[in-house]
Amino acid sequence: MIIYFSATGNCKYVAIAISEKTNDKIQSMIQLNNSKEYTIQLEEKEDLGIIIPTYFWGLPALAKEYLTKMHIETKNKNPYIYAVSTYGTTPGGSIQIIDEILKKKGYRLNSKYSLRMVDTWTVEFDLTKEENINEFTKDTTKKLDTIIKSITEHKNEELTEKTKGKLFYTMAQFAYELERKTSNFTVDDECISCGMCAKDCPVNAISIENEKPVWKNDKCLICFRCLHRCPTFSIEYKKKTRKNGQYTNPNITVFD
Ligand SMILES: Cc1cc2nc3c(=O)[nH]c(=O)nc-3n(C[C@H](O)[C@H](O)[C@H](O)COP(=O)(O)O)c2cc1C
């Protein structure tokens, strides 16, 4: 089984690419979390793959919470478990955090991978230019092939980019908590009241009131799915993201 968290499609793309070679089924952590399915049942020889994006050198809050609550049910004492962290600039401590969570459950990551893809944190990154997208993705296909080969051969290896020390990635998690305020989002008059943002939100943080999105929770994942998927690009974060454009993985059409 492969479980993934994906706001804008990169991790879902990776999950699908791996599953095409391993024949493992894929499951969205967002859906598993919403239906409170915390038990992951593995056949005796079944592998477990965990695919997540890097957020503030760590994990999206929902992924961290889900992995912490997750219970692995298997007759195999040592199932082959691997994790892939996608990232744009540095995977920080995202893989180490998954390993720490699994160790507390008596498991360990056999293999650790990171994969550079387009950085969807458009507070900082300009995704309006094709050359910027190409720079992020120039090594993605080759590295993904290497990762898939390693997984299918059940290798025990670490193919990660430079990671950060524990002090750095622990501090970055405080920064994530500070940024997660929904009051940072605004919507402009181009909004057509389609309701996609509310329907799409992984943590149901948005409702439509007087034909406009209202962020009803204090905190969200700041996954930017609402901002990147808005058909009229009406949603902005801290008035910093408009100039940098929208991005979702071009191979993905269903965001679950
Ligand atoms: C809130 C947020 C924080 C992010 N933080 C980091 C980061 O610390 N380091 C990094 O390299 N990429 C970071 N990214 C980029 C994502 O990890 C990357 O674009 C990922 O592939 C997105 O996966 P998805 O499309 O499956 O959601 C961040 C993106 C978001 C939305």
Side-chain angles (χ1 to χ4, degrees), residues 2-18 26-31 49-64 66 83-98 113-127 132-133 135-137 139-141 143-144 147 160-165 168-182 184-185 200-203 205 219-229 235-238 240-241 244-256:
I2 298 169
I3 54 174
Y4 65 92
F5 173 94
S6 186
T8 41
N10 285 346
C11 291
K12 184 168 182 182
Y13 172 76
V14 174
I16 292 171
I18 298 171
I26 66 166
Q27 285 268 14
S28 159
M29 258 182 233
I30 297 170
Q31 290 192 347
I50 300 166
I51 324 284
I52 49 92
T54 305
Y55 278 13
F56 286 77
W57 297 349
L59 308 185
L62 184 148
K64 191 170 179 188
Y66 184 80
V84 185
S85 158
T86 72
Y87 71 99
T89 39
T90 165
S94 47
I95 290 286
Q96 289 98 311
I97 294 171
I98 297 175
Y113 309 106
S114 66
L115 180 65
R116 188 164 192 233
M117 298 182 85
V118 174
D119 200 316
T120 54
W121 182 244
T122 43
V123 172
E124 282 177 45
F125 301 102
D126 179 2
L127 303 182
N132 293 355
I133 305 272
E135 173 58 30
F136 279 122
T137 55
D139 298 322
T140 307
T141 307
K143 175 89 185 266
L144 182 54
I147 292 172
T160 55
E161 288 313 308
K162 267 185 274 152
T163 53
K164 300 278 178 192
F168 287 96
Y169 67 76
T170 306
M171 274 162 48
Q173 290 299 281
F174 286 111
Y176 179 38
E177 288 307 314
L178 291 177
E179 289 287 318
R180 286 180 61 201
K181 286 202 284 293
T182 46
N184 288 327
F185 286 97
D200 255 9
C201 176
V203 288
K219 280 187 173 185
C220 68
L221 307 172
I222 48 169
C223 72
F224 282 8
R225 185 188 273 184
C226 57
L227 181 157
H228 287 301
R229 295 246 301 142
I235 296 173
E236 197 170 19
Y237 178 84
K238 280 190 168 177
K240 284 182 177 170
T241 50
N244 291 332
Q246 288 178 296
Y247 178 87
T248 55
N249 188 290
N251 301 291
I252 299 300
T253 50
V254 177
F255 294 81
D256 49 8

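This structure is a prediction, so every number in the text was calculated from the model and none was measured. Indexing begins at 1, ligand by ligand and atom by atom, following the structure's order.
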Do Arg225 side-chain atoms and Ser6 backbone N/O form a donor-acceptor pair below 3.5 Å?
yes
Run the ring-centre check on Tyr176 versus Trp57 and record whether the distance is less than 6.0 Å.
no
Would you please write out the protein residues whose heavy atoms approach any atom of ligand 1 to under 4.0 angstrom, listed by chain and number?
Ser6, Ala7, Thr8, Gly9, Asn10, Cys11, Pro53, Thr54, Tyr55, Phe56, Trp57, Thr86, Tyr87, Gly88, Thr89, Thr90, Val118, Asp119, Thr120, Trp121, Ile222, Cys223
Name all residues meeting the side chain to side chain donor-acceptor pair (under 3.5 Å) criterion together with Tyr169; count only those two or more places apart in sequence or in a different chain, and write none if there are none.
Glu100
The ring pair (Phe, Tyr, Trp, His ring centres under 6.0 Å) partner of Phe224 among Tyr237, Phe255, Tyr55, Tyr247 is Tyr237
Can you confirm whether or not the ring centre of Phe136 sits under 6.0 Å from the ring centre of Phe125?
yes
Are Tyr87 and Trp121 close enough that their ring centres sit under 6.0 Å apart?
no
